[in-house]
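The structure appears right after this line, and notes come after that.
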Amino acid sequence: MKEIKSHHSAHPIQKAVDIGKDVARLNQITLANGQVYSFQQLGSGAPLLFIHAPAIGHVNFFAQHALADHFQLIIPDLPGHGDSSPIPESFSLSAIAGQLCELLARITDQKAIVCGYSQGGPLALECLLASPNLFAGGILVSGFSEVNELFLHTRFYMAEALTAMHGIGLLASSIASSHVDDPVIQKQWISHMENTDSSTLLQLYRAGHAENCTARLSEISSPLLLLCGQEDQRMHPYAQLIEKHAPNARTVIISGVNHQIVTKVPDRFHEEVRCFAASLSLDLQRSAVPVP
């Protein structure tokens, strides 16, 4: 069922914060296969695992630190981003999801809500498919389960081409300017993104482009909240597709915003997160099922 919700301002003031200082609060963990993940861990309460879009890194969710008053935020840098080790060879999103599930299981014994932004959305779906016992539910923000039309194909081809030509600087400038308005925050984003490993980023884009978990969505029994910007018309059919196949999915359209919900209207996003978490009304202690 689609809901349309409005808010008072499509472009609230974004306060300048020194994202660089957040690096001091980054933790590292080495997984069983030797892969190193860098991640932020803030607050306490029900765990929220945030999965960023390619190239951005954990700074994607700087505005979500406000949720640390009631949630434990777990915000990893995906492979090749920040201080997380690279994976230059080909990989699938399901493989990365398995690593994220291992990371989560090592950090907390509570069921988490997984939240993926943009291409972090299919990664969140793969997490729910790989280890459903770890999660109470999922939130997809401007996400998808497959790429099936020209617009998104073209976006991927452009990102892949820029990355292959070592154009991460140009990509970083474009992404930062489209997501945040404050020039200080933009510079901090660009500084973080320019350190991304180009080979790993290229493989991540290719994995997202090839992803297709639509046929398996019926296996996700936990609740799914699908958030789309009202102006992000190209992504609405993707939410409809997920809602059609996932038995407990619900779509909410946020008025007055395009793709960048988490940075442009963070207060509205946080309201949806809090309402979704409250609606779960379950024991967040997960069952003792081993992580695959």
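Numbers here are sequence positions counted from 1. Because only heavy atoms are used, hydrogens play no part in the values below, and waters and symmetry mates are left out as well, while side chains stay in. Keep in mind that this is a model prediction, so the values were computed, not measured.
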Quiz: residues 162-174 side-chain donor-acceptor pairs under 3.5 angstrom, not counting sequence neighbours:
unit_1, atom_1, unit_2, atom_2, d
T163, OG1, A159, O, 2.7
S173, OG, G169, O, 3.1

side-chain contact (heavy atoms from CB on, under 4.5 Å) involving S199 - partner list, sequence neighbours excluded:
P88, D197
Residue pairs involving residues 31-51 (criterion salt bridge (charged side-chain N to carboxylate O under 4.0 Å, His left out); sequence neighbours excluded):
none
Of all residues at least two apart in sequence or in a different chain, which pass the salt bridge (charged side-chain N to carboxylate O under 4.0 Å, His left out) check with R155?
none
Which pairs count as salt bridge (charged side-chain N to carboxylate O under 4.0 Å, His left out) when at least one residue sits in residues 57-82, sequence neighbours excluded?
D69-R274
Once side-chain contact (heavy atoms from CB on, under 4.5 Å) is applied, do any residues pair with C228, and if so which ones, sequence neighbours excluded?
H236, A239, I253
Will you find, in the side chains of E89 and Q203, an N or O donor that is under 3.5 Å from an N or O acceptor?
no
Residues in salt bridge (charged side-chain N to carboxylate O under 4.0 Å, His left out) with R234, at least two apart?
none
Under 3.5 Å, side-chain donor or acceptor atoms of residues 136-152 against the rest of the protein: list the pairs with distances, not counting sequence neighbours.
unit_1, atom_1, unit_2, atom_2, d
S142, OG, H259, O, 2.8
S145, OG, T214, OG1, 2.8
E146, OE1, T214, OG1, 2.5
E146, OE2, N148, ND2, 3.2
N148, OD1, Y238, OH, 3.2
E149, OE1, F151, N, 2.9
E149, OE2, L152, N, 3.1
E149, OE2, Y238, OH, 2.5

Enumerate the ring pair (Phe, Tyr, Trp, His ring centres under 6.0 Å) contacts for residues 76-103, please, sequence neighbours excluded, ordered by first and then second residue.
H52-H81
Of all pairs that satisfy salt bridge (charged side-chain N to carboxylate O under 4.0 Å, His left out), the ones with a partner from residues 215-225, not counting sequence neighbours:
E126-R216
Applying side-chain contact (heavy atoms from CB on, under 4.5 Å), can you list everything that pairs with A66, at least two apart in sequence or on another chain?
H270
Hits for ring-ring contact (aromatic ring centres under 6.0 Å, His included) against H153, two or more places apart or cross-chain, chain-then-number order -> H209
